[in-house]
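Comments concern the structure below.
Letters A, B, ... are given to chains in the order of the sequence lines, protein chains preceding strands, and every chain is numbered from 1.
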Amino acid sequence: MTDQKLKKEKSDSINSVKRKSKTDDESGSKKKIKIEKDNVSNKKLKKSIPIKKEITTTKVKKEKIKKESTPNSDDNEEEEEEDDTFKWWENPDDLDGEVKWETLEHSGVIFPPEYEPLPKNVKLYYDGKPVTLPIEAEEVAGFFGALLESEHAKNPVFQKNFFKDFQNVLKDSGGCPETDINSFEKCDFSKIFQYYDKKREEKKSLPASEKKLIKEEKEKLEEKYKYCLLDGRKEQVGNFRIEPPGLFRGRGAHPKTGALKRRVQPEDITLNLGKDAPIPTPPNGHNWGEVRHDNTVAWLAMWKENIMGNVKYVRFSQNSSFKGISDLKKFEKARELKKHIDKIRADYRSKLKSNLMIDRQIATATYLIDVFALRAGGEKRDDEADTVGCCSLRFEHIFLKPPNIVIFDFLGKDSIRFYQEVQVDQQAFKNMKIFKKDPKKPGDDLFDRLDPSILNKYFQEFMTGLTAKVFRTYNASKTMQDQIDSIVNEGTVNEKVVAFNAANREVAILCNHQRTIPKAHQAGVQKINEKIEEMIWQKIKLKRIMLQMDKTMKKKDMAFFEETSDLTKEKELEIVTRWSERELEKVQKKFEKDKEKLKFEKKSISTEEYKKKTEEIKEEHKKKVDKTKEMIKQFKSEARKQKYEEKSTYTAEKLKAQVDKLDERIKNTSLQLKDKEENSAVSLGTSKMNYIDPRLTVMFAKKFDVPIEKLFTKTLREKFAWAIESADADWRF
DNA sequence: GTGCGGACTTAGAACCGGCAAA
DNA sequence: TTTGCCGGTTCTAAGTCCGCAC
């Protein structure tokens, strides 16, 4: 199987985890838990109809919710909560079906706070002069002002879309009395920005107690929205807060980025709840748009958003039984693919040579989806960012380098670049060449006969419910299983976690999960590099002192002293200078801060005391500056002369011990740097959350004796409670 | 078969809070 | 004690896929 080989080569080349040989011991795994035993087939899941677990009256239950969720009932609450959890996975026969629930009660949604007008003195400036805006327009100007220093505000498309909508709102709300606002360039939002920035600062610098109070207040207000009653059981609601108005932040080159996302009114909301459930009261003076009782869906409320015309839903939270059930089904479906994958691979391999163009395209696309984990790639509208997946790949997205190298270069979901130079199957290469043949030109579809529905129909021939995305789940979890199999069970817990993360990283790379390199990354790397450089400087200095004390040492241990010649006078001076500047800066900063602090205290102390303290601070600062300068002077002179001060307490042993300590620190810092660089552009979370069967993680934790808390955060532990309780150390994907 | 809307999963960015280093 | 960083959480955009109407 050439492609499997290819795949293996691909992953081997990036894999740095220790390996051991291992036979496939699938049959050996114990099947303790019921899910495992039954292996919940999808058909079975679909056919079954939910059975009501408890029939408790709403009133009683409601009181229970209130009691349980008071924030100060601590431990007790958790225990109670534990008992109350609906363990759906213990009865997998009862899952899903067309009808999703029998009764559903909830409190509706929370609306964002009303707009708070700017103070009279904070204004938009137009053509250099302050102008008055109707409140509606002022709000929109404020949206832009608040983001003034972000990247969005520099994007011309963002500016254009914002300004168009701003002008419309301005017109509809009566216009600006002083002047016509018709040029974005003449608008100056800086005063508005400063106002919001100051507010942000104020909020941040509030005393901890005050912050806590505000938080508690908010929690109290939101309490009842957080939970709902689903078939009499308490379940958590996810996004019960309605999205606040603002400017649409589309990803990549989105044609509508910056457009005004208008305020959602109760009249825009459709609620979904049980027929007999009390209807939550809408905000004063308002009505709900619609109230529905549709028990075939899993949402509590929805509204239509005005930018793209998409529907937004209020749903159950990630740890709800709904999400758990669909996660389990998703991974079971991916595991089912295991049984069919050989047949599918054989089929598309043979169809790569088909005489029918459509079959060749299907086969080639399937190959790409299977081997390179591409997404299906549905068609997109003109008013969306131009991103592609497999079926929507165009002429310009692949470059062919004979004999069989393909360079993929395109923007995928979220405008994340997919760039890979890979060796592909010889026949697949030939096919892609044919698909690009004249008269095809840039802008034309590579797979002109395909769309995801055609491809998915082909997949269903092999397995019901098989679609393109299942391949991603399957290959991701399969990769993780293989990676875990190759990890040797030894070392500290931390080392095992590092090995697990390395495996996780392989999956993230397969799925092309990236993140933009954090703004501070480059600076951070430089800082660490400088730190390492300075530690080496310290170390060499110590070694040179050792030699100053006893020249003969060099002969005794050449290797140890070898690096003493690595540091040139120029380099050392450079390091000393950098160090000096930083030290002086630090001292100065401290001084500024002390002064600032004293200014604050001024009101509460006498003038005399204030004077005294000022003097003290000045004195202290001067002392520090003098001391630092003296050190700088010494270091510089040492560097120039390449001769270092020997202290009376020095002994060869003590110096050697210091060198060892530095070596250890350098090693640790270098490791930290490597990790930082390797992870700077890869995001591990998405694959852990969506692609890696959580039972693999649980298996790893149990088999390698790593606490699950080291691998799953609290939210993930809640989301994957079903996996934590059902997989053991022998579990296999 | 095609186009479209609805319902769901998947995704990175933004935000927040706690903790280690200075 | 403060600050800056990092991991975790929240937010909401952007995909996939299905089913229905024509």
Ring geometry between [Y] and [X] (parallel below 30°, tilted from 30 to 60°, perpendicular above 60°):
{"X": "A/Phe410", "Y": "A/Phe418", "result": "parallel"}
{"X": "A/Tyr225", "Y": "A/Phe240", "result": "parallel"}
{"X": "A/Phe471", "Y": "A/Phe459", "result": "tilted"}
{"X": "A/Phe111", "Y": "A/Trp288", "result": "parallel"}

Would you indicate, yes or no, if [N] has its OP1 or OP2 atom less than 4.0 angstrom from a side-chain nitrogen or oxygen of [X]?
{"X": "A/Arg375", "N": "B/dA11", "value": "yes"}
{"X": "A/Lys469", "N": "B/dT10", "value": "yes"}
{"X": "A/Thr387", "N": "C/dG15", "value": "yes"}
{"X": "A/Thr686", "N": "B/dT10", "value": "no"}
{"X": "A/Lys261", "N": "C/dA13", "value": "yes"}
{"X": "A/His152", "N": "B/dA13", "value": "no"}

Nucleotide [N], atom [atom2] - distance to [atom1] of [X] in whole Å:
{"X": "A/Glu379", "N": "C/dA14", "atom1": "CD", "atom2": "P", "value": "18 Å"}
{"X": "A/Asp414", "N": "C/dT16", "atom1": "CG", "atom2": "P", "value": "11 Å"}
{"X": "A/Asn306", "N": "C/dT12", "atom1": "CG", "atom2": "C1'", "value": "14 Å"}
{"X": "A/Lys203", "N": "B/dA14", "atom1": "NZ", "atom2": "C1'", "value": "13 Å"}
{"X": "A/Tyr474", "N": "B/dT10", "atom1": "OH", "atom2": "C1'", "value": "21 Å"}
{"X": "A/Phe459", "N": "C/dT16", "atom1": "CZ", "atom2": "C1'", "value": "13 Å"}
{"X": "A/Lys312", "N": "B/dC8", "atom1": "NZ", "atom2": "C1'", "value": "14 Å"}
{"X": "A/His513", "N": "B/dA13", "atom1": "NE2", "atom2": "C1'", "value": "15 Å"}

(message) Pick the closest DNA chain B nucleotide for A/Thr473 and for A/Arg249 by heavy atoms, then say which residue is nearer the 5' end.
(response)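 Looking at the nearest nucleotide for each, A/Thr473 comes out on the 5' side.
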(message) Quick check on DNA chain B: between A/Thr516 and A/Ser326, whose nearest nucleotide comes earlier from the 5' end?
(response)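 Residue closer to the 5' terminus by nearest nucleotide: A/Ser326.
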(request) Check every atom of B/dT10, C/dC18, C/dA14 against the side chain of A/Lys330 and return the nucleotide holding the closest atom. (result)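 Given the options B/dT10, C/dC18, C/dA14, the side chain of A/Lys330 is closest to B/dT10.
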(message) Given B/dG17, C/dC17, C/dA14, identify the nucleotide with an atom nearest to the side chain of A/His254.
(response)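 Closest nucleotide to the A/His254 side chain: C/dA14.
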Could you list, one pair per line, each protein nitrogen or oxygen that sits under 3.5 Å from a nitrogen or oxygen of nucleotides 8-11 of chain C, together with the distance?
| from | atom 1 | to | atom 2 | distance (Å) |
| --- | --- | --- | --- | --- |
| C/dT9 | OP1 | A/Thr715 | OG1 | 3.4 |
| C/dT9 | OP2 | A/Thr713 | OG1 | 3.0 |
| C/dT9 | OP2 | A/Thr715 | OG1 | 2.2 |
| C/dC11 | OP1 | A/Arg241 | NH1 | 2.9 |
| C/dC11 | OP2 | A/Arg241 | NH1 | 3.0 |

(message) Distance alone, cut at 3.5 Å: any donor-acceptor contact between the side chains of A/Asn504 and A/Ser687?
(response)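 Yes - a donor-acceptor pair under 3.5 Å links their side chains.
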Listed by chain and number, what are the side chain to side chain donor-acceptor pair (under 3.5 Å) partners of [X], not counting sequence neighbours?
{"X": "A/Ser453", "result": "A/Asp451"}
{"X": "A/Asn690", "result": "none"}
{"X": "A/Arg315", "result": "none"}
{"X": "A/Glu201", "result": "none"}

(message) I want to check something: taking the side chain as every heavy atom from C-beta on, are A/Leu450 and A/Ile358 in contact at a cut-off of under 4.5 Å?
(response)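 Yes, side chains in contact.
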(message) Using ring centroids (six-membered ring only for Trp), state whether A/Tyr691 and A/His513 fall under 6.0 Å.
(response)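 Under 6.0 Å, so yes.
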(message) Measuring centre to centre across the rings, with the benzene-like ring taken for any Trp, is A/His254 within less than 6.0 Å of A/Phe158?
(response)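 No, the ring of A/His254 stays outside the 6.0 Å limit from the ring of A/Phe158, centre to centre.
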So, using salt bridge (charged side-chain N to carboxylate O under 4.0 Å, His left out) as the criterion, who are the partners of [X] when residues are at least two apart?
{"X": "A/Lys154", "result": "A/Glu151"}
{"X": "A/Glu379", "result": "none"}
{"X": "A/Glu202", "result": "A/Lys198"}

Tell me what [X] touches on the nucleic acid: a base, only sugar-phosphate, or nothing, going by heavy atoms under 4.0 Å.
{"X": "A/Arg200", "result": "nothing"}
{"X": "A/Glu384", "result": "nothing"}
{"X": "A/Lys413", "result": "base"}
{"X": "A/Asn456", "result": "sugar-phosphate"}
{"X": "A/Lys256", "result": "nothing"}
{"X": "A/Gly377", "result": "sugar-phosphate"}

For nucleotides 1-7 of chain B, print each protein N/O atom paired with a nucleotide N/O atom at under 3.5 Å, atom names and distance only.
| from | atom 1 | to | atom 2 | distance (Å) |
| --- | --- | --- | --- | --- |
| B/dA7 | OP2 | A/Tyr313 | OH | 2.7 |
| B/dA7 | O5' | A/Tyr313 | OH | 3.3 |

(request) Report the end-to-end axis angle of the helix from B/dG1-C/dC22 to B/dA22-C/dT1; each axis comes from five terminal pairs, and the value is rounded to 10°. (result)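 The helix from B/dG1-C/dC22 to B/dA22-C/dT1 shows an end-to-end axis angle of 10°.
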(request) Flag the pair A/Asp448 and A/Arg394 as a salt bridge only when some basic side-chain nitrogen lies within less than 4.0 angstrom of an acidic carboxylate oxygen. (result)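 So A/Asp448 does not pair with A/Arg394 through a salt bridge.
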(message) Please determine whether a side-chain nitrogen of the Lys or Arg among A/Arg262 and A/Asp165 lies less than 4.0 Å from a carboxylate oxygen of the Asp or Glu.
(response)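 Looking at A/Asp165 together with A/Arg262, the answer is no, because their closest N to O distance does not fall below 4.0 Å.
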Protein-nucleic acid N or O pairs under 3.5 Å, nucleotides 19-22 of chain C:
none

All N/O contacts under 3.5 Å from nucleotides 19-22 of chain B to the protein, with atom names and distances to one decimal?
none

(message) Show the nearest heavy-atom pair for residues A/Cys228 and A/Phe316, with the distance to one decimal.
(response)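 A/Cys228 and A/Phe316 have their closest heavy atoms at SG-CE2, 3.5 Å.
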(request) Identify, between A/Gly378 and A/Phe248, the residue whose nearest nucleotide on DNA chain C lies closer to the 5' end. (result)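 Going by which nucleotide is closer to the 5' end, it is A/Phe248.
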